[in-house]
2 protein chains.
Amino acid sequence: MTVPSIHDVANDCGVSTATVSRALRGLPNVSPGTRERVRESAARLGYVPSPSASGLSGGRHHAVAIVIPSTARWFYTAVIEGVDGVLRREGYDTFLVILAATAAGRERLFHNALLRKRADAVIALGIDFTAEEREELRSVDMPAVIVGGPVRGVRSVGIDDLAAGRAAMEHLLALGHRRIGHLGGENEYGMDHSVGQDRARAWRGSLERHGIAPAPQWYAVGSFLMPQAKAAATAMLRSADPPTAIFAGSDEMAFGVVLAALEAGLRIPQDLSVIGIDDHDWSESFGLTTMRQDPFEQGRIAARTVLDGLSGRATPIRTVKAEVRLVERRSTGPAPGATGPAALAPPPAVVAH
Amino acid sequence: MTVPSIHDVANDCGVSTATVSRALRGLPNVSPGTRERVRESAARLGYVPSPSASGLSGGRHHAVAIVIPSTARWFYTAVIEGVDGVLRREGYDTFLVILAATAAGRERLFHNALLRKRADAVIALGIDFTAEEREELRSVDMPAVIVGGPVRGVRSVGIDDLAAGRAAMEHLLALGHRRIGHLGGENEYGMDHSVGQDRARAWRGSLERHGIAPAPQWYAVGSFLMPQAKAAATAMLRSADPPTAIFAGSDEMAFGVVLAALEAGLRIPQDLSVIGIDDHDWSESFGLTTMRQDPFEQGRIAARTVLDGLSGRATPIRTVKAEVRLVERRSTGPAPGATGPAALAPPPAVVAH
DNA sequence: GTGAAAGCGCTAACAG
DNA sequence: CTGTTAGCGCTTTCAC
């Protein structure tokens, strides 16, 4: 009644364990007949190879580690599902390393047994590797890819944040907005990632390119979190000379802006236009105009990339640019002064205070 | 420059590998001096034991599997962080099994090598085990706990959904509401779980206990998803004899109700009261009244439970009841007719159509 | 208290 | 094509 091992299968069909191993893994040098008998036997006995044993002897653990700052962001969870989907189909399991939940924090990341002796590859979301970590990955010859933001010397997949940010800004500028605010996502958990920085840079650059000097109160930190973004937006909207449009660094932050605007009695898009980046599952419901990207697909690409590395045929070290495109919904419209007079009096607040 | 093994440590301090093993794991029969030397050696060499090797020989893989329907729900991600936090602190790694991403789907769950030969325990979220699965767990003597909804014969942790639902209903009823709608969460991915059912039962039961016959249009399926809930709520609010209050089966569904109400030009809570269950990270920002539970803590409890099982001192098979309590915010108020006349004319819509 | 030896279940050369 | 022989790195009796 114990779990069957490779010996049981070998005995069952009268071959050696080596042959069972070869047959089941699709290796050459096994006659079709034998292979079939082995397969049948294994299936009947309910045999599954032990990852520990094959990991020990073969050096392949059939597992990859996903390193994320936290689980609380839609983008990450979508990537994870994409990754897990293709990995599992290939017989790989997925380890989760949540930095937020890791007491030792990041510095000991690679002293972790998981990453050194348990995973065959690493996929990191929302973080860069340090030079040291990169060297360590190379020395143990471990395929790695980071999702979000290109990093020199490491394979990565992600959108062009600068271009996406500019496109979002162009949309707003084309609608006649001049006073445009930005909610930036800053680093989290001591992670360095360029995503938030590039989007902010796109905001500032687009403004300057149009001869607009961004007022200090038009920039605020949203930390990629909705509640923080709402608070920041509330302050921004109350400031003197508030923006007529806000480009949020992510859809989740954009939701916060929408909520802040509603509470402030502003109509969207008549009084305030809002645009985000992501196309979150909920953006349609919010009527949010956004720059759509597909994290699910990015996860699949990342998974395939490490799988390729594992199977020898490594792809060149480069950044796979994921697609982005504008999805216009109801949260953006002409600037108040641009095509007509601004609303004189805001309607009563809809979300009670 | 290769990764150090137990032999390197043994050589380094002139003892046998057996002693190193004992010393590092805190086993008895090692002199304090030796233990200290071994520790020092291991630290200096940067030695970490191989989970594959110890899993193979000792039978402990130091990993637990978390099985979830999908990652797209806040409750799950919060539980996962709680679980991962305590597990990692104890030297355990966390495997993720996302049913939505698993091609073979659920039936082959336990034919999976992961669960049989890689994980020492299982924590399942939002699903019940079938009788067969339960038997399999028992036969391999694998600690298991399910989070969300009590299940006979398996350890579990979760709130009392019936009681939580009733408390939510009592809050609404006490405010004078009689026409109360419910957005139910139905099973997903073929999973059976009582959570949604119990909350719906609480809704129906509370109504009946107060002599109110629930109209058919007061119940709709929200599938635990915000966009679906929004659509369902929109239809509900448009129906003849619409409810004056809605009890949503989760906060995410409640957000959908809020959005639907805003679009319909209803004021919250003057025209419509909304209550949810969870106290989602975003609920404060939505001003949502809700029944708070703490999924993070539930995850920690689940992790400790399987850890206890692993270390021999198993807790009795029972359901750990997690706390719930009403958090009043701005989304609930007196029923329109109860304390004064209903608003005669709704204000203009704030979210544009 | 400590070491030697025998595996855990599999894969990877070699022989045939 | 297939079997034999060594381990992979650790844990675990059983001696000493």
Side-chain angles (χ1 to χ4, degrees), chain A residues 2-39 41-42 45-63 91 113-114 116-120 140 310-312, chain B residues 2-39 41-42 45-63 91 113-114 116-120 140 310:
Chain A
T2 180
V3 186
S5 79
I6 198 171
H7 283 105
D8 300 313
V9 180
N11 287 335
D12 186 72
C13 50
V15 298
S16 71
T17 60
T19 299
V20 174
S21 177
R22 286 189 285 248
L24 258 23
R25 286 182 301 153
L27 261 36
N29 296 327
V30 180
S31 76
T34 308
R35 196 185 297 275
E36 202 35 60
R37 274 189 302 130
V38 172
R39 284 223 179 96
S41 221
L45 266 35
Y47 165 74
V48 285
S50 152
S52 291
S54 54
L56 233 202
S57 61
R60 275 280 121 87
H61 298 107
H62 292 276
L114 198 181
R116 304 180 65 180
K117 316 208 169 174
R118 196 134 139 147
D120 299 325
V140 295
L310 254 17
S311 67
Chain B
T2 181
V3 187
S5 82
I6 197 171
H7 283 104
D8 300 315
V9 179
N11 287 336
D12 186 73
C13 50
V15 297
S16 72
T17 61
T19 299
V20 173
S21 177
R22 285 188 284 248
L24 259 22
R25 287 182 302 152
L27 260 36
N29 295 328
V30 179
S31 76
T34 308
R35 197 186 296 275
E36 202 35 61
R37 275 189 302 130
V38 172
R39 283 220 179 97
S41 221
L45 267 35
Y47 165 74
V48 283
S50 151
S52 290
S54 55
L56 233 203
S57 60
R60 275 282 123 86
H61 297 110
H62 292 278
L114 200 182
R116 303 180 65 180
K117 315 206 170 178
R118 195 130 120 156
D120 300 324
V140 295
L310 254 16

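First the proteins, then the strands, lettered A, B, ... as listed; each starts at 1.
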Report yes if some heavy atom in the side chain of B:Y47 is under 4.5 Å from a heavy atom in the side chain of B:L24; otherwise report no.
yes
Can you check the A:N29 CG to D:dT2 P distance for me, whole Å?
9 Å
Could you check how far CG of A:L45 sits from P of C:dG9, rounded to whole Å?
14 Å
So does B:S57 reach the base of D:dC10 with its side chain, donor to acceptor, closer than 3.5 Å?
yes
Remember a base hit wins even if backbone is also touched, and classify A:G14 as base, sugar-phosphate or nothing at under 4.0 Å, heavy atoms.
sugar-phosphate
Rounded to whole angstrom units, what separation is found between the CZ atom of A:R60 and the P atom of D:dC8?
18 Å
Using the closest heavy atom to pick a nucleotide of DNA chain C for each, name whichever of B:G58 or B:S31 lands nearer the 5' end.
B:S31
Heavy-atom nearest nucleotide on DNA chain D for A:P32 versus A:A18: which residue maps closer to 5'?
A:P32
How close or far is atom C1' of C:dC10 from atom CZ of B:R118, stated in whole angstroms?
14 Å
Starting the side chain at C-beta, find the nucleotide from D:dC10, C:dT11, C:dG9 nearest to A:T17.
C:dT11
Can you check the B:Y47 OH to D:dG9 P distance for me, whole Å?
10 Å
Expected output: side-chain A:N11 to main-chain A:D8 donor-acceptor under 3.5 Å
no
Should A:S54 be listed as having a side-chain N or O under 4.0 Å from OP1 or OP2 of C:dC10?
no
Please check if the side chain of A:H61 supplies one atom and the backbone of A:K117 the other of a donor-acceptor pair under 3.5 Å.
yes
If only atom types and distance count, is the side chain of B:R60 paired as donor or acceptor with the main-chain N or O of B:L310 below 3.5 Å?
yes
So what does B:S52 hit on the nucleic acid, given a heavy-atom distance under 4.0 Å: a base, only sugar-phosphate, or nothing?
nothing
Assign each of B:T19 and B:L56 the nucleotide of DNA chain D bearing its closest heavy atom; nearer the 5' end lies the nucleotide of B:L56
Can you sort out which residues in residues 20-28 of chain A have a heavy atom within less than 4.0 Å of DNA chain D? Ascending by number, please.
A:R22
Counting only side-chain nitrogens and oxygens, does B:T34 get under 4.0 Å of the OP1 or OP2 atom of C:dT2?
yes
Quickly work out the B:D120 CG to D:dT11 P distance and round it to whole Å.
13 Å
With side chains defined as the heavy atoms from C-beta onward, is the minimum distance between B:V38 and B:R22 less than 4.5 Å?
no
Donor-acceptor under 3.5 Å (B:T34 side chain, B:V30 main chain):
no
Calculate the interatomic distance between A:I6 atom CD1 and D:dT2 atom P; express it in whole Å.
15 Å
To check you understand the geometry: which heavy-atom pair defines the closest contact between A:A10 and A:S16, and what is its length?
CB-C, 3.9 Å
Would you kindly give the NE2-to-P distance between A:H7 and C:dC10, to the nearest whole Å?
8 Å
